[in-house]
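Data block below; observations after.
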Protein chains: 2
Amino acid sequence: MKSGPDIALVASLVGDPARANMLTALMNGRALTASELAQEAGITPQTASSHLAKLETGGLVEPEKQGRHRYYRLTDDDVASVLEGLAGLAARTGHMRVRTGPKDPALRRARICYDHLAGDLGVQMLDSLRIRNLIRQKKQDIELTAEGERFLAKHLQISRGMLTHPRRPVCKACLDWSERRHHLAGTLGAAMMQRFAELKWAARDTTPGSRVVNFTRTGEKQFAALFGSDAG
Amino acid sequence: MKSGPDIALVASLVGDPARANMLTALMNGRALTASELAQEAGITPQTASSHLAKLETGGLVEPEKQGRHRYYRLTDDDVASVLEGLAGLAARTGHMRVRTGPKDPALRRARICYDHLAGDLGVQMLDSLRIRNLIRQKKQDIELTAEGERFLAKHLQISRGMLTHPRRPVCKACLDWSERRHHLAGTLGAAMMQRFAELKWAARDTTPGSRVVNFTRTGEKQFAALFGSDAG
DNA sequence: TTCATGCTTCGATGGTAGCCGAAGCATTCC
DNA sequence: GGAATGCTTCGGCTACCATCGAAGCATGAA
């Protein structure tokens, strides 16, 4: 009767609390074992196994066998993007998973979204790039300008060649759930986040499962110098 | 301990097939009544009422009372965007929602879309009108040409004056889910469908809740003469 | 008023899916 | 080899929720 993609099937996968917790845990881009995901969701391994099998056939996660462990990761950042979108819808109705904890402000300020920077600083960065014509954005589509290439090479030692990937766009807009605006995804978003880490500007929170990104004092300065509202 | 929006709550709303069908029906941006949505989802009004209440508190749809009808529309395009994202994920796993039934071929051929003709014949009709310059189409916007007015008056006894409506456009392109192309909506689309019925060219299927439109033998001939690929 | 239509609430039912205990493979370590 | 770990499969239990019939409001028509 109806045709078109079966969104109910995918949505119901995310719709279960246990699976949703697993997926959210995977949003930091790292692969986790089945046991870790079980613990994250607060269920027994056998139940988790069932859930993970469903997520796998649904194409949301991908397994990687390693010894007697089975590591799972999100299939790609498209999945992450949809999850962030859902988070955005949930956020504005005020429905949070649990009461806002002490880490919440930090999470809103800077966090990992799959493999790129999200939160206040992530949005701010994309804004800055756009305003200074380093990228050109048409709704969801973003492309790097010649100026942008020079900027990246000069300040972050990122060359255009590093960013090419057979199945992933260089730039992509990802909707930020805490800011309700876009931040930068794609290989460029990933490369920049990686560079921030390498330069010791920022580091992921050490507590396992956390998505918080902590900026160092100097990192924050450097970041502000490049992408601050009064930069350029 | 967990923070962040409760994505499971929102996702589970979309995860139910009936609700997903309703939401997909609302994807064209138009508001539909509760009954229409019930019919779209293939459920009874009382079940639909329950679903719509949930969708409303979940912030996915917004009601608008009008007389004794209750029109629902998607809250905004953020919701639509997330639904598209989910559709994208579902599409690449090859999971389509195809409920094959005995009526299915008939439904694909000709059916009611709100109050106008949809399906293969609906798309064919719009194509024919466009090719013969009876209408002028710019993406979603369609306008009737002078030739078109003459054509309608001559062959279907439809005058321009019958089509004016305070809140509804004369012509509009409506995306056809079975053909994935546009068919004709608006007051003209409705008037033409009504005329087909009056002329006994076609009639809606008698089974309640069905959207199938059955063409009579002579009706099919007349329709083909006007809008067939070799017509004009 | 009386009737019809559109929608909602209530109550009961049934199917489905999440959940865990127990057992079964697979891999690694001793 | 045997033991331990990580994960999966199987079976049965339970809880939830979609579903519909019947009845109750609200609005509009006659």
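No side-chain heavy atom of B/Leu32 sits less than 4.5 Å from a side-chain heavy atom of B/Tyr71.
Residue-to-nucleotide proximity on DNA chain C shows that, of A/Arg68 and A/Gly42, the 5′-proximal contact is made by A/Gly42.
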Counting primed atoms, P, OP1 and OP2 as sugar-phosphate and everything else as base, the B/S/- map of nucleotides 8-17 of chain C against protein heavy atoms under 4.0 Å is BB--------
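One atom, CG of B/Asn21, and another, C1' of D/dT19, lie 15 Å apart when rounded to the nearest Å. For the pair B/Gln39 CD and D/dC20 P, the computed distance is 14 Å after rounding to whole Å. Going from atom CG of A/Leu32 over to atom P of D/dG6 covers 15 Å, rounded to whole Å. Rounded to an integer number of Å, the gap from B/His69 NE2 to D/dT27 P is 13 Å.
Looking at residues two or more places apart in sequence or on another chain, you find a ring-ring contact (aromatic ring centres under 6.0 Å, His included) between A/Phe196 and A/Trp201, A/Phe223. B/His155 pairs by the ring-ring contact (aromatic ring centres under 6.0 Å, His included) definition with B/Phe151, not counting sequence neighbours. Residues passing the ring-ring contact (aromatic ring centres under 6.0 Å, His included) test with A/His51, sequence neighbours excluded: none.
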What does the 5'-to-3' dot-bracket notation of DNA chain D look like when only Watson-Crick and G-U wobble pairs under 3.5 Å count, and pairs to other strands show as |? ||||||||||||||||||||||||||||||
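Applying the salt bridge (Lys or Arg N to Asp or Glu O under 4.0 Å) test to pairs two or more places apart or on separate chains, those with a residue in residues 51-63 of chain A are A/Glu56-A/Arg70. Residues in residues 187-199 of chain B take part in these salt bridge (Lys or Arg N to Asp or Glu O under 4.0 Å) pairs, two or more places apart or across chains: B/Arg195-B/Glu198. Applying the salt bridge (Lys or Arg N to Asp or Glu O under 4.0 Å) definition to pairs two or more places apart or across chains, those involving residues 213-222 of chain B are B/Arg109-B/Glu220. Each salt bridge (Lys or Arg N to Asp or Glu O under 4.0 Å) pair with one or both residues in residues 148-163 of chain B, not counting sequence neighbours, appears once here: B/Glu149-B/Arg160.
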